[in-house]
Student: 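Once you've had a glance at the structure underneath, I'll fire off some questions.
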Amino acid sequence: MLGLLAATLVSLRFSNGHLEDIDQLSGVSDRNSDKPVEEFDWKQLAASEDLVYTPCLASYGNFQCAKLKVPLDWTDPSDQRTAEIAIIKLPASIDGGEENPNWAGPILINPGGPGGSGIEMVQHVGNDLQILAGRNFSIIGFDPRGVGETTPSGDCFQNALDREIWQQQSSRLVSSGGPEMLGDVYVRARAYSKFCSTNLAKVNGTASYMGTSFVARDMLRITELSWKAVERESKGLQFWGFSYGSLLGQTFAHMFPDKVYRLILDGVVDAEDYYRGLWSRNLLNTNKSIQEFYDSCAANPHNCALAAGHEKADAKSIELRVTKILESLKSAPLPLIDEYPDLLTYSQVKLLLFGSLYDPLGYFPKVATLLAAAESGDSLAIMKLKEGYFSERFSCKFPDRTAGLRKNEAVHAISCGDADSKEESFEEFKEYYNHLYNQSSLAADLWLPIVSPCAGWKARSKERILEKIGKHTSEPLLFVGNDLDPVTPLDNAIKMSEAFPNSAVLRQKSGSHTCFNAPSSCTIAYIRQYLNDGTLPPKGNTCEPNKKPFEDLVTTAVDTEDDQLLAAMTRVSQSGKIVHLGHPGFLHQ
C-alpha cells in the first residue's frame, strides 16, 4: 500500500505513505528525498500507438517519458475509444544502452495500492531499482488506469477542496466511540460508494475499464512494444510488483501464462480473497507484528523512549503501558496548548501505531517517542511534532487535479470494480467488523474503511477474473513474504505459489510490509540472481534482515557491491514510494 492521503492527525501526518514532522524528537533522520522539485507537463505529451519517448525529469536521472494509446475496452475490437497510459523509463546504463546485445530488457514496476503511481516511484527510486536489478535492465514505471497521469482518471470529486472537506469529516475510528460509530462508518461508506461509482459511470463508463485485467493487458502491450523497438523478439514480461502489485502480477500470469519471464511478487495478496471482495485474511499476523514492537523495544531500551529510564521495561510491561495510554486517550484526549489549542486523540495514536507496522525500522522509534510523550503528558514535546503542519493544512492552494490526490478514489474504483458485487446489510457489516476484530483488535477499525465502500458499489470492471487464479507459466514466478508482515501474511505467498507450479517462495524472517522495509543483503542477492538467470532460492531457504527495529545502526564505508546493493535497497524503503496495501493513508474515503 501505499499512503495516498494526508491523514487528519494532531501531532503528525501521513504523506506518501510515511509519517512526517516527528524526526526531531525521535532522532531518526529525515526520510524524504532532497531532490529539487521538477515538473513535467504530461498534458503536452501526445499519445501514440507506439512507444515514442521524450527526455524528461533530467534532475532525477536519464529519464524518458511517453504516453501509449491503447484500447479503452480490450474485449471489444469495435470500440474505438482509447486509454492513454503514462510511462516513464530509465534506459539501461550500459554502453549502447538498449542496442547493446547484453541488454536484458525492461522491468515494469508497480508500487502497490491499488492506486499507486509507477511514474512517481520510478522517478524517485528508478536509479536504485536499476542498481538492484542490474544496469543492463531498463526500468519502466507506468500509471495504471485511474491513477496519476493516465486516462481514464479515477477522480470522483470535481476538485481537491471538495475531496479534502469530505476526508476531514472522518477522523474517528469505530472503537473510539459507542455503537453508533459503526453505523456512522456504514452509512458514510454507502454514501461515498454511491457518489463515486455513479460519478465515474457518467464519464464514458470509466469505472468499467479500470480493472486489474485491463491493466494486465496494458502491461503486455508495453512489454511487446519495448522489445519491438530494438527489433528483438520478446522474452515476455519482466515485472517487480509490491503489495497490490503482487496481485497485478498474478493476474498477468493467469491471463498470459506463456508470456511470463521474470515476475517478482513481494508482499503477496491472496488473489482469491481479493477478487471475491472479502479482504478477510489480511490481519492474520497483525498481532504478531505489534508484538515485535514490544519485544524489540524491551531488547533495546537505550534506543526506545518507552523503555529508557524504566526499571521494569520488559515486553509485557511495555504492552500494558501502551494499552493504558490508548485507553486514557480514548476517555480523555490530551490537550495541547501552545500557539493554538489542540488535542491528541485515541484515533490518531492508534492509526500511527498500526501504520508503524508497515515500516518498523523507520517508525517504531518515532511512535515510541510519541507514546512516551503522551504518557508523561508532555504537550510541548508533542506540539513540536506539528511544526509547519498547520500552515500547510489551512492553505487554500488546492489544485483541481494532481497525481497524488487521484489515488484515493482509484483505490476503490479498482478494488471494488474487480470484486464480486454485494449488497451488505448493516447486520452483515457488523459481522464483518467482528471477524476483523477477532483477528486484530488493533487493526480492525483501521482496515474496515478499505472494503466498506465496495458494498453497494455499482460499477464492475467489464473484464474480471471469475475463476480460481493460477496456471502453469512459461517461466517460474518468485514470491517474497515476511514472517511478520502486518497485512499480507506469509501464508498468502505460500498459498499463491501453490497455484503457480514451479514457482518459489523467498521467506524473510522479519516484520514490515514487503522486504524493502527490512533491507536484507540475503534477500536482494536471491532476487538479483533470479532476475539475471532465473535461478530460484532453494526450497525452505530463509533470509534475515541486516538490521532489526531499535538496534544500533552499524555504518561502514560503501565500497563493496553488497554494501552498495543494501544502500540502494535502504534508499528505496526510505523514499516512501512503495504504496502499501491498506496503508492508513488510504483509510479516509
Side-chain angles (χ1 to χ4, degrees), residues 3-28 30 32 160-182 184-185 188 305-306 321-356 363 365-398 405 408 442 445-446 449 583-589:
L4 299 177
L5 307 173
T8 310
L9 305 175
V10 165
S11 61
L12 45 142
R13 64 188 177 91
F14 281 99
S15 179
N16 294 324
H18 285 278
L19 314 180
E20 295 183 333
D21 303 328
I22 188 171
D23 295 323
Q24 57 191 13
L25 281 184
S26 66
V28 180
D30 182 21
N32 293 326
L161 181 58
D162 288 347
R163 176 186 291 109
E164 182 75 7
I165 291 171
W166 172 258
Q167 292 163 5
Q168 294 291 339
Q169 292 171 353
S170 176
S171 59
R172 294 184 65 199
L173 303 177
V174 170
S175 58
S176 68
E180 73 280 358
M181 286 299 298
L182 190 60
D184 288 352
V185 172
R188 182 178 175 81
L306 280 170
R321 285 167 52 212
V322 170
T323 301
K324 185 177 179 180
I325 293 167
L326 286 169
E327 289 302 314
S328 175
L329 291 171
K330 186 175 182 178
S331 59
L334 181 66
L336 306 173
I337 302 172
D338 191 15
E339 296 178 5
Y340 40 78
D342 213 333
L343 300 174
L344 181 68
T345 70
Y346 166 87
S347 293
Q348 294 155 0
V349 174
K350 190 174 182 183
L351 179 69
L352 296 175
L353 185 58
F354 176 59
S356 73
Y363 295 111
K366 301 180 180 186
V367 172
T369 300
L370 176 69
L371 288 167
E375 184 179 44
S376 65
D378 190 348
S379 60
L380 289 179
I382 297 171
M383 290 293 282
K384 288 181 180 180
L385 304 177
K386 304 188 307 175
E387 289 180 1
Y389 173 65
F390 275 89
S391 60
E392 180 174 350
R393 179 180 181 182
F394 291 111
S395 169
C396 289
K397 296 178 181 179
F398 284 99
L405 289 172
N408 186 34
L442 170 71
D445 47 4
L446 296 162
H583 191 280
F586 283 112
L587 298 184
H588 294 270
Q589 298 104 342

Student: Give the minimum heavy-atom separation between L306 and A372, together with the two atoms involved.
Tutor: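 For L306 versus A372, the nearest heavy atoms are CD2-N, 3.9 Å.
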Student: Any chance you could measure L329, atom CG, to K350, atom NZ, to the nearest 0.5 Å?
Tutor: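 Here the interatomic distance stands at 12.5 Å.
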Student: Taking the side chain as every heavy atom from C-beta outward, state whether V322 and L353 have any atom pair closer than 4.5 Å.
Tutor: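 Yes - at least one pair of side-chain heavy atoms lies under 4.5 Å apart.
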Student: Say you draw a straight line from OG1 of T369 to CG of D378; how long is it, rounded to the nearest 0.5 Å?
Tutor: 11.5 Å
Student: Hey, could you give me the CD1/CG distance between I325 and L371, rounded to the nearest 0.5 Å?
Tutor: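 Reported value, rounded in 0.5 Å steps: 5.0 Å.
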Student: What is the distance from atom CE of M181 to atom CG of D184, rounded to the nearest 0.5 Å?
Tutor: 5.5 Å
Student: CG of D342 to OG of S379: how many Å apart, nearest 0.5 Å?
Tutor: 11.0 Å
Student: With rounding to the nearest 0.5 angstrom, report the CD1 to CG distance, I382 to L344.
Tutor: 5.0 Å
